[in-house]
Amino acid sequence: MSALTSVSGFPRIGQNRELKKIIEAYWKGNAALEEVRATAKELRAKHWKLQQEAGIDLIPSNDFSYYDQMLDTAILLNVIPQRYQRLAFDNPEETLFAMGRGYQGDKGDVTALPMKKWFTTNYHYLVPEIDAATEIKLGSTKPFDEFNEAKELGILTKPVLIGPYTFLKLARNPQAEELKYDQGLINAVAAVYDEVVAKFADLGAEWIQIDEPYLVLDKEEGDLSLFKSLYSKILPARKGAVKVLLNTYFGHIADAYETVNLLGFDGIGLDLNEGREENLAAVKQYGVAENTTIFAGVINGRNIWRNNYAVSLGLVDALKQVTKNVAVSTASSLLHVPFSTEGETGLADDVRKHFAFAVEKLGELHEVAVLADATDDEKKASAELKANQALFDGTRVAPDSAVAARLAALTPDDFVRQPARAERQKEQREALGLPLLTTTTIGSFPQTKEIRAERAKLRKGEISKAEYDEFMKAQIDACIKHQEEIGLDVLVHGEFERNDMVEYFGQNLNGFLFTKNAWVQSYGTRCVKPPIVWGDVSRAKPITVEWSAYAQSRTDHVMKGMLTGPVTILNWSWPREDITHEQQTQQLALAIRDEVLDLEKAGIKVIQIDEAALREKLPLRKTDWHKKYLDWAIPAFRLVHSAVKPTTQIHTHMCYSEFNDIIKDIDAMDADVISFEASRGDLVVLDAIHDANFETEAGPGVYDIHSPRIPSEQEIEDRIYEILKKMDVEKVWINPDCGLKTRGNAETWPSLEHLVAAAKAVRAKLSK
Ligand code: GLN
Ligand code: ZN
């Protein structure tokens, strides 16, 4: 016997990113839609079979998506804004992609839906828009089609849906400040879920999983009654035929558990990694309803380290004190981990054995389930348990005493830059001689096929370092010339030498490990390959100095040096679990500080330290924000730049604009300038900047780089005037939303020309 096993979701992009490749080929006109559909079908089948072979009982379906599962949910509910419906495409996929990435062509010109980070992950979902014209009804058959597809293969899957509560909490009404959850809306949404549940009951599904991760957030007034009101309408649709698993993850639901338990779900999924103590306490306090099974989320869906079986078994045992109905599950979808360690031949066996990616986690889930039902004698005899224990005995990696000594020597002064910012900003303006509404970019320029090929050639030893350098220098020269021609003010070298803003730094730091194929999805078809923090971190040698110094030598304009900040490096790596995040971030801060000071020495006057991922790991519960995160993350950033000269201008960049609620903390990073994404979302952050007397100069992105669409000059000019309504012109910078590396040259240069022209036009009008 073994406990029931359940996987919340499986990576869909494919072991070798097959889905990405075919979809991108289709976008470029190099593949037919039929081919996309066929690849998708093959991948689904492969993934289901893998899980079946691993002995998983409840295998998810409808966890597949061409672009994003929230977008799919919107389409399921027919929440498709008019502007996309009007394009009147023949194929549903075309509408889906237009919503995801915008569309510019024969049928019209529309921007994409806004995109936001999915809770504390680096995965982005599309924000559904519900307005007066929305007619909510069952709008797609995707969940049923995929269920039937698996059934034909002989696999009875557990369909997965994003739940109505999470959907409504994350949707917005573009015409109003807040989405109003009136009875009409609640009824309409509940009716669709009702129909879906009933249909699955008819189709013979045994379980259906409804994800409500929004339950792990702090509750506002009315939240729990909204939840109750939705589910008391939906649950009767089970007709005693299909069981509903209410699944939660990324935190605890202590403040909702009682409500959830009373509703009588057949299963409740709890995250026992991120919400461990609180979830366990809630179960103990309120008990478990008689017919409810607790799905113990013990297999971490957010890390790449092997599961510690003794810990997981302890958690299952703790639940068993309260109820005999315990299933074991992944703590969240495995979407956020890479596919398999199998191909990672670059890692030594005794290193690789510490890692478990999605496929290996299936095996762990199965082993834990077997052990969970084993007798004490069986456990004692278990070779699996013994082998697992051995991974956690002793020290995995020896500490670096030099790093420890440097950290121990830090004093409070090391975290404070002098003189105060207002004074520095004055000096900088004079020293740098920049115009009002200074134009700049976020750092990277399009990474063409040739550029990627050149990096690959160097890696494979097909060209010499000298040949490579020559190629890159030519790229830099051309990029600088082009930037000068179109009239940008603060230039960048283009970041052609970087595969990725985190991996590139990791490769030049001690303590990191790299994978060949450990990709995870970030947005749409875009994937990232985070490095692994294996040991103590320090800078092995200067990283960017040569490139930046070369670039500066080629122009009279100010050349901006480009670095990735310590918080982002850690957040976009796989962190260690044997020392704290705070400790790892401080080690990183010292390493990047060395680089900042070397850049300054080499004559670089503007240095951007990207903290693209700072917000991402802000704890979901407000009470944890400062004590569990900001209290060390913000000082770590200051440690990086506190020793530069007053005239050296420090920039930072963030890939989002949701920092209204931590605006004081962002200001406390003490950067001189910040650029951030603002074009896809609304501009409420500008109010926050205004109200907080934000001291940092700021460049709210004036156009969206996640879409291939070219913004017109007028559009950007309008945007600048929007910004000027809320910000002092002296503090405004003009830049795109983010780096341009994912874009093509064809759309990048005209977009930037429009940006410069718009800035110039506004400047001219201002000086009249
Ligand atoms: N400097 C980086 C770039 O331009 C920043 C990327 C990011 O913020 N994600 O690509
Ligand atoms: Zn960015």
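Residues take their numbers from the sequence shown, with the count starting at 1. Predicted model, so just to flag it, every value in this text is computed and none were measured. Both ligands and their constituent atoms are indexed starting at 1 by order of listing.
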Per-atom contacts, ligand 1 versus Met562 - under 4.0 Å to a heavy atom:
1 (N)

Do NZ/NE/NH1/NH2 and the carboxylate oxygens of Glu747 and Arg709 come within less than 4.0 Å?
no

Please list, in number order, the atoms of ligand 1 under 4.0 Å from a heavy atom of Cys738.
7 (C), 8 (O), 9 (N)

Provide the number and element of each atom of ligand 1 under 4.0 Å from a heavy atom of Gly443.
4 (O)

May I have the angle between Cys738 SG and Cys655 SG with its vertex at the Zn ion (ligand 2), rounded to 10°?
120°

Does Arg101 make a cation-pi contact with Trp27, if we ask for NZ or CZ under 6.0 Å from the ring centre and within 45° of the axis?
yes

I'd like to know whether NZ of Lys605 has more than 12 heavy-atom contacts from other residues, nucleotides or ligands below 6.0 angstrom.
no

Between Asp704 and Arg743, does any NZ, NE, NH1 or NH2 come within less than 4.0 Å of an OD or OE carboxylate oxygen?
no

Give the numbers and elements of all ligand 1 atoms closer than 4.0 Å to a heavy atom of Cys655.
7 (C), 8 (O), 9 (N)

The protein heavy atom nearest to atom 6 (C) of ligand 1 is Met501 SD, 3.3 Å

Which of the ligand 1 atoms, numbered from 1, are nearer than 4.0 Å to a heavy atom of Lys741:
10 (O)

Within the 4.0 Å heavy-atom shell around Gly739, which atoms of ligand 1 are there?
3 (C), 4 (O), 10 (O)

Between Glu497 and Arg455, does any NZ, NE, NH1 or NH2 come within less than 4.0 Å of an OD or OE carboxylate oxygen?
no

For ligand 1, find out whether one of its N or O atoms is nearer than 3.5 Å to an N or O atom of Glu495.
yes

Under a 3.5 Å threshold, yes or no: a donor from one side chain and an acceptor from the other, between Asp610 and Gln608?
yes

For His653, what is the atom name of its N, O or S atom nearest to the Zn ion (ligand 2)?
NE2

Quick check: are there more than 12 heavy atoms from other residues, nucleotides or ligands sitting under 6.0 Å from NZ of Lys628?
no

Gln608 N/O to ligand 1 N/O under 3.5 Å
no

In the protein, what heavy atom is nearest to atom 5 (C) of ligand 1, and what distance, to one decimal place, separates them?
Asp610 OD2, 3.3 Å

Pair Asp489 + Arg763: basic N to acidic O under 4.0 Å:
yes

